[in-house]
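Step one of this worksheet: look at the structure below.
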Amino acid sequence: MTSSLPLLILISPLIGFFINGVVYPLKLKGFAKTDPNLAGYTATFFIFLSFIMSCMAFGHLVGGGENPHVTSFVFEWFNFGGLSIPFELRIDKLSGLLCLIITGIGTLIHLYSTSYMHDEECVGRYFAYLNLFCFNMLLLVMGANLPLLFFGWEGVGLCSYLLIGFWYTDTEKANAGKKAFIVNRIGDLGFLIGMFLLFRELGTLDLAQINLMLTNPEVVIKIMPSVSLICFSLFVGATGKSAQMPLYVWLPDAMAGPTPVSALIHAATMVTAGVYMIARLNPLFELTPMVMSIIAHVGAITALFAGSIAIAQTDIKKVLAYSTVSQLGFMFLACGVGAYQTAVFHLMTHAFFKALLFLGSGSVIHACSGEQDMTKMGGLKKYLPHTHFTMLIGSLAISGIPFFSGFFSKDEILYSSIALPGGVSYLFVIGVLTAMLTAFYTGRMMSLTFYGSEKMSHDVKHHLHESPFLMTFPLYVLAFLAAAGGFLGVPHLLGDYLGHMPHVLSQWLAPVVPAKHLPLVGVKLPLHEGVVMAGSSIIAIASYFAGVAVFKKITFISDAFGGLTGLQKLLNNKYYVDELYAVIVVNPLKKISAFAGGIVDKYVVDGAVNGLGRGVRAVGNSLRVIQTGDLQTYGLLMLGGVLIAILFIYKVLV
Amino acid sequence: MTNDVLIQVLAAFLFTMGMLVVLLRRDTIMVLMGIELLLNAANLSLVAFSKSNAMIEGQLQVFFVITIAAAESAIGLSILVNLYRNFGSIKTQSATTLKG
Amino acid sequence: METSCLLSWIIFTPMIFGLILLLVPTHFENSFRKIALIQTLVNAALATYLYMNFDGGNAGAQFTQMVPWLPDWGINYFVSIDGISLPLVMLTAYVGPVAILGTWPNVGPADLAHGVALKKEKFFVFCLMALQTGMYGTFLATDLFLFYFFWEVVLIPMFFLIGIWGGKERIYATVKFFLYTMVGSLLMLVAIFFLLKTSAETMGAPSADLYVLAKLSFAFDGSSLGAALKSPQTLLFLAFALAFVIKVPMVPFHTWLPDAHVQAPTVGSVFLAAVLLKLGTYGLMRIAIPLFPQAAHYFSSMFICLGVIGIIYGAFCALAQTDFKKLVAYSSVSHMGYIMVGLFAFNKIAIAGSLYQMINHGISAGGLFLVVGFLYERLHTRNLEEFGGLSKTVPLMAIAFMIMTLSSVALPGSNGFVGEFPILLGAFQVHPIYVLFAGTGVILGAVYALKAYQMVMLGPQTRTDLDHLHDLNKKEIISMVVLAVFVFGIGFFPKTFFGKSDATLEQYSNSLISKVSAQ
Amino acid sequence: MNLLETFPLNNLGPAEYLSLMPLFVLAFGAVASLLVGSHKEKGHQYAFGVSFLSLMIALFQGTYVLFAADVSILNETLIFTPFTKTISLMVTLFAIIAVVLTFGQDKKEGLLPEVYGLTLFATAGMILMMSTSHLLFMFIALEIMSLAIYVKVAMRRTSRYSAEAGLKYFILGGLASALFLYGSALVFGATGSLQLGFIHNFLASHPNPSFIFYFGLGLILTAMLFKVGAVPFHGWVPDVYQGASTSVTGFMGAAVKFTAFMAFAKIAQNMVFVENVAGLAWFEKFIWVVAAASMIYGNFVAIAQNELKRMLAFSTIAHTGYLLLGLYAMNLGEASAEAVVLYLFFYALSNLGAFAIIAQFEEKNQKDLSFDQIAGMGIKHPVLGGLMTVFLLSMAGIPLTSGFIGKYGLFASAVGAGEVPLVVIAVLTSVVSVYYYLRVIVYMFMKEQTADVAMYQGLKGAGVAALISAAATLQFGLFPRAIMSFVKMISK
Amino acid sequence: MSPVIVVLAAVSAILALTMLFARNAITSALCLLGVLISTAGIYGLIGEHLVATIQLVVYAGAIMVLFIFSIMLLNLNREETDFKNKPGVFFGAIVLGMTVFGFIIYGLNEHFMGHRQDVTAGQFTPERIAELGGNSKVLAHALFSQYYVSFEVISLALLVAVVGAVVLAKRKFD
């Protein structure tokens with residue numbers, strides 16, 4: 001059905017952006033002057049508004065029959081020479097779900113920010129950016145065609161740039177924002193190329209049409225040769241946005257932004273755009289097993305890689321950042337093996353618990369008056385009971401402790417990686433390893449932060465205080481979701497025991513993302529689903545509590561086992577990846593540009609031009625000598641001319 | 001070989017000589033004389049041609065040419081005097097301040 | 001063919017004002033800018049009226065006016081407008097007031113000390129007006145000779161603008177600019193002679209009317225490179241193309257641009273970047289390609305390759321600069337590369353995209369140069385390393401700068417995307433590999449643009465003399481707002497802005513592609 | 001049969017007198033101005049007044065009889081057709097401008113009142129030269145013109161530059177006219193006549209004339225090329241332009257060049273562009289080489305100059321090259337004739353104007369105006385600067401100015417005649433020329449004034465002359481249609 | 001061909017050569033005078049009496065006197081040591097001149113051998129002139145019947161010459 005609902009959902013944060021970004025400053029003659037509360041509540045109101053409308057849209061979808069969707073056609077964006085791109089928004093079951101997540105979590109985080117950012121200056125700017133981000137993110141998920149998706153895709157990139165660099169006076173933070181934008185751009189080029197290829201093959205960029213056309217065998221056969229290329233380019237785009245190898249480097253730096261930003265953008269929503277895109281185009285990706293396996297491998301490796309780094313970090317936000325990268329790796333693993341709905345499932349649960357964890361860490365940092373180093377915390381449990389409680393739930397959820405949300409989604413991924421034809425056995429092993437690591441570093445984080453001895457300085461200790469209600473309330477809401485969210489996707493095995501509880505999510509997504517049937521025993525690895533489930537949960541529990549226990553006293557494993565110092569160093573420096581990139585990418589670029597701008601352009605290209613000029617002058621000067629000033633020389637010249645004339649005559653005649 | 005040819009050859013020779021005088025002698029006055037010689041050679045061949053063609057046009061022109069020659073030499077000599085006043089010499093190579 | 005004087009009014013209004021100006025005594029110095037502003041506004045109004053009455057459905061020439069000029073040579077004063085020249089005329093008309101407002105001299109003692117005071121104001125304003133006449137004329141001329149006439153006329157005021165009110169190296173820069181353009185255009189002149197001769201031979205009477213010349217066809221033999229180079233069409237095409245690509249400028253003929261830009265006064269740079277460069281691409285689109293399609297098509301890959309090189313090379317050069325203005329200048333080189341790619345892709349979408357890109361680059365580059373001007377007028381430096389953290393002091397300027405940066409990195413929703421996306425999309429259908437490389441420009445563009453923004457606006461404040469650094473004043477705000485409106489307006493509603501060109505573009509590219517594929 | 005039958009006395013009728021009238025007017029005017037010029041204090045004014053008056057009369061009278069029936073005097077010694085009358089009028093116009101230019105400069109430049117009379121004599125000689133079609137008569141006219149010019153050049157008697165220039169011009173000019181004479185003698189010997197028309201017919205009937213004809217023709221052309229100052233017969237040009245007083249140079253650059261080139265064209269048309277005379281093919285090659293050499297040499301050396309008059313002198317050599325290109329095209333295409341006339345006319349005007357400006361910036365008895373002297377002059381005297389810019393742009397062939405139209409017509413006709421390579425050379429060298437013309441503008445407007453050496457006392461005659469030329473330059477640059485169709489008509 | 005003409009031709013040729021190489025200006029002037037006189041003689045011998053006379057009177061008489069006078073006036077009759085030419089220039093000039101001379105000779109030869117008869121002879125054969133009453137009479141009539149315009153115009157030239165001479169050679173500059 002068509003309705004203006006999607007448009008309204010989209011517009012309302014934009015209005016908020018305008019009010020915060022334009023109206024207030026104009027009224028008050030300046031950005032710094034906006035009252036923080038006013039700005040915060042305005043922004044929250046508008047995002048909440050679109051949350052309400054998303055719910056209404058969602059209501060339309062419920063029982064809306066076979067693949068229901070709400071669309072609103074806004075205007076012709078492009079239309080020339082066969083390239084027709086309407087500005088059209090479509091909410092189907094997948095994007096509806098994501099709208100809910102975005103606006104819901106968005107609302108919570110706005111609320112949280114209102115209190116968290118209260119003492120900053122230019123809060124108006126902050127909330128304007130935040131609203132703008134929501135607008136772009138919604139556009140990303142609601143856009144009915146790839147260019148619109150790309151619009152949102154770039155838009156969120158811009159907002160993350162702006163928000164990471166919110167404290168722009170600090171060069172570090174500004175650089176982080178720049179890095180994020182540029183690395184994303186690299187991915188975006190892939191995205192663009194993918195789009196161009198698609199357009200060349202199919203002549204359209206409308207998502208629904210693409211998926212529709214792919215049901216037609218002739219079309220499939222026609223695009224078969226180039227489909228791998230298309231999917232690969234799109235996947236490159238996804239790696240950029242969703243921080244996969246090798247383009248993940250920007251995400252950890254992105255933690256330079258305010259913590260709520262990290263929660264919203266770099267955990268819950270934006271970074272999952274790649275997953276969304278792949279899930280959205282799953283019929284296309286289905287056609288190319290090769291790229292699928294690439295995706296799976298990249299995902300798995302990223303997961304393990306980032307997870308291992310997370311162990312050795314001391315900055316609480318860095319830990320969470322790397323864990324985000326690793327969780328995204330899980331999602332890509334799921335996509336890679338073909339379990340799209342599982343990926344979306346994990347996307348959702350991850351949104352819950354990772355947002356929760358970030359906000360919690362934000363509350364911790366808030367309490368420790370800006371301190372982010374876990375080695376200067378410890379024993380905060382008694383000072384921050386609410387924060388501790390909620391974060392505990394979050395940590396349990398991410399570690400995959402049974403019956404918390406993370407458990408269901410992660411478990412499904414692990415099992416799909418052996419149960420589905422696309423799966424690979426060793427990826428399953430990597431997955432399990434990562435799960436173990438996840439639980440371990442989460443436990444470590446909790447222990448370093450809340451348990452163990454108090455290591456903070458006195459004045460910090462003096463100021464310790466539980467965060468105000470505005471901050472704890474979102475924590476509790478998210479805690480609930482993180483705890484219970486998993487029951488939307490109960491696997492059949494358990495579902496049968498639990499009174500035939502269905503896998504709600506996969507049924508819901510079915511029209512958009514067809515659910516794969518999981519056999520009871522893995523095909524790649526002869527393991528019964530129950531075994532996997534039990535095993536993984538045991539591993540999770542064990543390593544979580546190991547983590548908690550081990551790090552009561554020490555900060556690094558190497559403190560316990562001296563042999564591991566080297567490894568520790570390696571991990572602590574993130575495998576020196578940034579340094580590597582600096583050597584193989586950044587510096588060469590700098591050199592090339594210096595060479596091009598400094599040498600080639602000045603001396604070669606321009607040198608040729610100026611050389612020509614000088615040459616002409618030189619010729620002129622050398623010709624001057626004929627002009628001796630002696631009239632008889634001129635006479636001789638004349639006589640020479642006469643002779644030339646005669647010679648011409650003679651030559652012609654004889 | 002008839003008179004005509006002989007005179008023509010003589011004219012040509014005088015012409016060449018005049019040219020060489022103009023080009024080689026460094027005295028401006030000599031140069032002027034060279035020009036006179038050139039004109040004379042031209043007259044000679046003009047007359048001879050018209051004679052050999054049984055015409056009178058050539059002869060008539062010669063009057064004019066001679067007059068012109070007179071006028072020219074008058075101007076030339078006054079320019080020469082002027083030069084002598086300014087440079088104190090009438091060598092051609094003394095008057096080479098304008099060059100390049 | 002209905003006739004109207006409107007176009008002539010648009011062309012000559014600036015000149016009329018200029019002549020009136022010459023009569024105003026010099027001691028009214030401060031009122032000259034006002035006169036210039038009025039003139040540009042009048043032109044903008046005229047252009048708007050033109051736009052309103054322009055029939056988007058009609059692909060052919062409109063508002064034609066033909067006055068015999070040199071009928072013996074088949075040359076007439078023949079102006080008309082169609083969908084291709086319409087946007088460019090509008091651009092010129094709207095950039096005019098923006099440039100005047102944005103560079104309004106606010107002469108204070110500090111400025112006087114730095115010699116930015118009103119210097120030979122009358123002549124300055126007169127040059128601006130003459131420049132506009134030349135630009136309008138070039139865009140509206142439908143007669144080849146007239147086109148050439150205005151094409152050269154543009155040079156003279158620009159020559160003075162750079163040479164008299166420019167920076168230290170102004171003389172070198174302006175002479176280079178003049179000569180460089182001259183080399184190309186004189187060869188073009190020879191080609192024009194040849195065209196007239198041919199038209200005289202084939203049609204009995206010589207004619208410089210572009211629509212007539214379009215009917216001519218020149219021998220072209222694409223069997224081998226040698227044969228192609230020998231065939232007359234190629235020679236003519238290259239003669240024209242050289243003139244135009246120098247103006248564009250296409251690597252390796254671009255070195256005049258950075259010098260000219262850096263030395264020119266801000267308003268000069270704005271006109272140069274926004275409009276003058278478009279003369280080149282317009283010439284290619286209007287004359288070189290449609291008149292000699294086979295040759296153009298035969299050499300298209302070469303030009304696309306050079307365009308791509310320009311994109312990447314320009315980006316790298318921009319990255320290397322520490323002079324803000326030079327950076328923007330090189331970014332122009334890079335962005336004009338896209339237009340070259342689009343024009344020579346011989347693909348509907350790409351061609352349309354190039355036309356859009358001409359306008360968009362005009363807006364974004366103009367805006368960026370204005371920002372440079374703001375900073376230079378306030379801090380008297382263009383060295384990026386001497387800025388830093390300014391956005392705390394001048395938030396409005398920061399916003400304006402950000403908007404222009406976004407437009408120049410072609411962010412969706414800004415006009416830049418509207419230009420580059422179709423170009424790349426269209427060109428990709430024909431030359432995927434080239435576009436792959438061109439695409440890297442998207443990344444590099446972000447790199448240097450953000451670098452510039454960061455070095456100026458972000459980071460800690462290094463300067464101590466920022467106390468008298470005042471934010472944008474009303475005039476400057478107005479100018480930037482106008483530009484911003486165009487940036488986002490075009491970014492969101494390209495149809496609204498370019499819709500009237502569709503018919504012409506459709507017909508243009510159809511005939512072009514059919515001619516090429518016929519060969 | 002007696003003498004009177006052999007030589008019938010053919011008296012002149014009214015028509016003949018009318019068409020000869022300008023000559024009489026000029027001659028008497030000259031004498032009159034010489035006489036009144038001897039007045040002690042007001043000699044200059046009187047002389048100027050008289051000569052200006054007589055020139056004006058000549059102009060109007062010439063215009064009056066412009067479209068009278070063609071007149072041929074004494075079996076085609078003098079032929080007056082609309083064409084010859086028009087070009088005579090053009091020369092008269094130059095003379096008027098030159099006289100106006102001289103007035104007000106004369107004292108500063110140390111010119112005696114006789115200069116006006118001599119200008120009139122020279123003009124008379126020019127008119128004769130353009131109207132005659134008889135080689136010897138042409139020689140006489142040439143001499144009258146040249147003698148007057150020699151004297152004018154050498155007239156700054158206290159200036160050694162002037163004396164030197166006079167000497168060079170005189171000696172080389174004498175050599176040239178001697179060559180001309182001997183050449184015509186040889187031609188006479190080979191064809192039996194000195195009448196150009198007769199020679200034309202002779203060639204048409206004898207497609208294979210003897211070698212001495214070609215030789216004589218070569219000598220005659222050499223003399224003409226010397227007068228128009230083409231490489232390698234150009235040696236005198238820069239030195240004389242520099243040494244002569246500026247007003248004289250202006251007159252020379254405009255009128256003498258114009259006349260000589262017209263005569264050259266006439267000779268070429270009658271003795272060279274003859275169908276089916278295979279032997280004349282050499283002429284094309286020769287002119288090709290000379291034209292190319294002139295363009296290249298003139299432009300390249302002009303770049304290396306640092307003095308204004310000298311630079312213009314070299315540029316005039318280059319322009320001769322362009323004109324030769326037109327002449328070259330003449331035997332291929334018809335359009336070239338008009339193009340050449342137009343180009344010459346426009347160029348002469350701009351040239352006069354430029355020298356008029358220079359004259360006002362010059363100091364007393366100065367050798368030449370160096371670039372440093374004009375630094376910042378355009379700013380100091382905007383009007384003069386603007387006018388100078390107009391002239392320079394016109395010589396550079398930039399639109400808005402007549403120079404562009406002229407160049408366009410010339411090159412277009414050449415291309416029409418199929419001569420592309422030479423045109424390409426011309427075009428490329430003219431880029432070079434643009435450089436040095438711009439250099440003057442740069443100095444005038446963009447350099448800071450070094451020292452106020454250039455003296456300029458108000459708008460004098462020179463200023464008026466400059467204004468006239470500038471007006472013409474712009475007028476013909478923007479609306480050339482009228483004069484073009486006029487020239488087309490009269491050259492039919 | 002008459003031997004006297006041959007002798008005169010030889011004499012004038014030799015004198016011309018001497019004139020070129022003589023060191024003393026006076027010598028050269030006298031040589032030139034001799035050349036002119038012998039030319040006059042040649043005129044006379046081929047029957048052009050009037051021309052011969054004018055040659056003698058105007059050229060030899062007036063012009064040469066003028067020359068010699070001014071040589072004396074500027075007392076240039078001192079020895080001229082050498083040509084002050086680089087030998088290259090000197091011989092170059094000589095060679096150039098000789099080449100030109102050679103070409104003329106070639107042309108004349110070709111003319112008198114071949115194309116002589118192309119030229120239609122005029123009516124003034126010696127007999128005709130004699131019948132009309134002699135050379136001078138004929139020329140005089142022709143001059144004043146057909147060439148009087150030229151005759152008048154020449155006066156301009158002379159006038160210019162006079163004025164010019166006066167202007168340039170006037171003693172003191174006012």
Side-chain angles (χ1 to χ4, degrees), chain C residues 22 26 68-75 77 119-120 122-123 126 130 134 137 145-146 148-156 159-160 162-166 170-172 174-176 178-198 200-201 206 232 235 239, chain D residues 333 335 338-339 378-379 382-383 385-386 389-390 393 396-401 404-405 407-421 423-439 441-447 477-482 484-485 487-488:
Chain C
L22 288 184
T26 317
W69 189 20
L70 304 172
D72 319 354
W73 293 348
I75 290 163
Y77 171 82
K119 180 178 160 202
K120 309 186 224 41
K122 184 193 256 186
F123 189 31
F126 178 75
F145 182 89
L146 193 64
Y148 183 83
F149 187 87
F150 282 120
W151 168 275
E152 297 262 314
V153 165
V154 169
L155 291 183
I156 300 163
F159 172 72
F160 283 114
I162 300 175
I164 299 182
W165 294 275
R170 59 185 191 279
I171 290 173
Y172 168 75
T174 193
V175 171
K176 192 174 183 181
F178 201 104
L179 284 183
Y180 225 135
T181 322
M182 210 61 190
V183 175
S185 44
L186 278 172
L187 285 177
M188 169 162 81
L189 190 59
V190 180
I192 292 177
F193 299 146
F194 196 85
L195 277 180
L196 288 182
K197 172 166 175 268
T198 323
E201 284 162 358
L235 298 175
Chain D
E338 310 144 28
I379 301 304
V383 178
T389 313
V390 170
L393 290 181
I398 308 277
L400 288 178
T401 59
F404 172 66
I405 302 295
K407 208 167 228 167
Y408 185 95
L410 200 64
F411 292 179
S413 65
V415 171
E419 180 47 45
V420 177
V423 172
V424 170
I425 296 180
V427 158
L428 290 180
T429 48
S430 62
V431 174
V432 179
S433 75
V434 169
Y435 172 75
Y436 57 75
Y437 289 127
L438 282 190
R439 204 154 151 248
I441 301 178
V442 163
Y443 267 88
M444 282 196 308
F445 286 96
M446 303 172 190
K447 293 251 191 216
L478 291 171
F479 312 103
R481 185 179 174 184
M484 273 173 57
S485 40
V487 170
K488 198 182 184 65

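Only heavy atoms go into these numbers, but all of them, side chains included; no hydrogens, no water, no symmetry mates. This is a predicted model, so every value here is computed, not measured. Proteins get letters first, then strands, A, B, ... in listed order; numbering begins at 1 in each.
For the atom pair C:Asp72 CG and D:Met484 CE, the distance stands at 4.5 Å (nearest 0.5 Å). Note: D:Met446 CE to C:Ile164 CD1 = 5.0 Å, rounded to the nearest 0.5 Å.
Chain D forms more heavy-atom pairs under 4.5 Å with one residue of C:Pro68, C:Ala200, C:Pro71, C:Ser185 than with any other, namely C:Pro71. Among the candidates C:Trp69, C:Phe145, C:Phe150, the residue making the largest number of heavy-atom pairs closer than 4.5 Å to chain D is C:Phe145. Contact tally against chain C (heavy-atom pairs below 4.5 Å) for D:Val420, D:Val432, D:Leu400, D:Thr389: the top residue is D:Leu400. Of the listed residues C:Ile171, C:Val190, C:Ile75, the one with more heavy-atom pairs under 4.5 angstrom with chain D than any other is C:Ile171.
Contacts between D:Ile441 and chain C at a heavy-atom distance below 4.5 Å involve the side chain alone, from C-beta outward. Only the side chain of D:Ile379 comes within contact range of chain C, with at least one heavy atom under 4.5 Å from a heavy atom of that chain. Residue C:Leu196 touches chain D through its side chain alone, counting heavy-atom pairs closer than 4.5 Å. There is no contact between C:Leu155 and chain D, counting heavy-atom distances below 4.5 Å. Using a 4.5 Å cut-off between heavy atoms, C:Thr174 touches chain D through its side chain atoms alone.
For an aromatic pair to be called close, the ring centres must be under 6.0 Å apart, and C:Phe178 with D:Tyr435 fails this. For C:Tyr148 and D:Phe404, the gap between ring centers is short of 6.0 Å.
For the pair C:Leu189/D:Val427, no side-chain contact is recorded, criterion being any heavy-atom separation below 4.5 Å from C-beta on. A heavy-atom distance below 4.5 Å is not found between the side chains of D:Ile398 and C:Phe159. Side chains of D:Phe411 and C:Ile192 form no contact here, defined as non-hydrogen atoms less than 4.5 Å apart. At least one side-chain heavy atom of C:Leu179 sits less than 4.5 Å from a side-chain heavy atom of D:Val434.
The two residues D:Pro399 and C:Ile156 make their nearest non-hydrogen contact at O-CD1, 4.3 Å. Minimum heavy-atom separation, C:Trp73 to D:Ile405: CH2-O, 3.7 Å.
Taking the six-membered ring for Trp and thresholds of 30 and 60 degrees, C:Phe123 and D:Phe445 have ring planes inclined between 30 and 60 degrees apart.
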Query raised in the report: Could you go step by step and tell me if D:Leu478 and C:Phe149 meet the side chain to side chain contact (heavy atoms under 4.5 Å, CB included) rule?
Result: CA-CA 10 Å; D:Leu478 291 171; C:Phe149 187 87; 3.9 Å; yes
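The 12-atom threshold is exceeded at OH of C:Tyr77, counting heavy atoms of other residues, nucleotides or ligands nearer than 6.0 Å.
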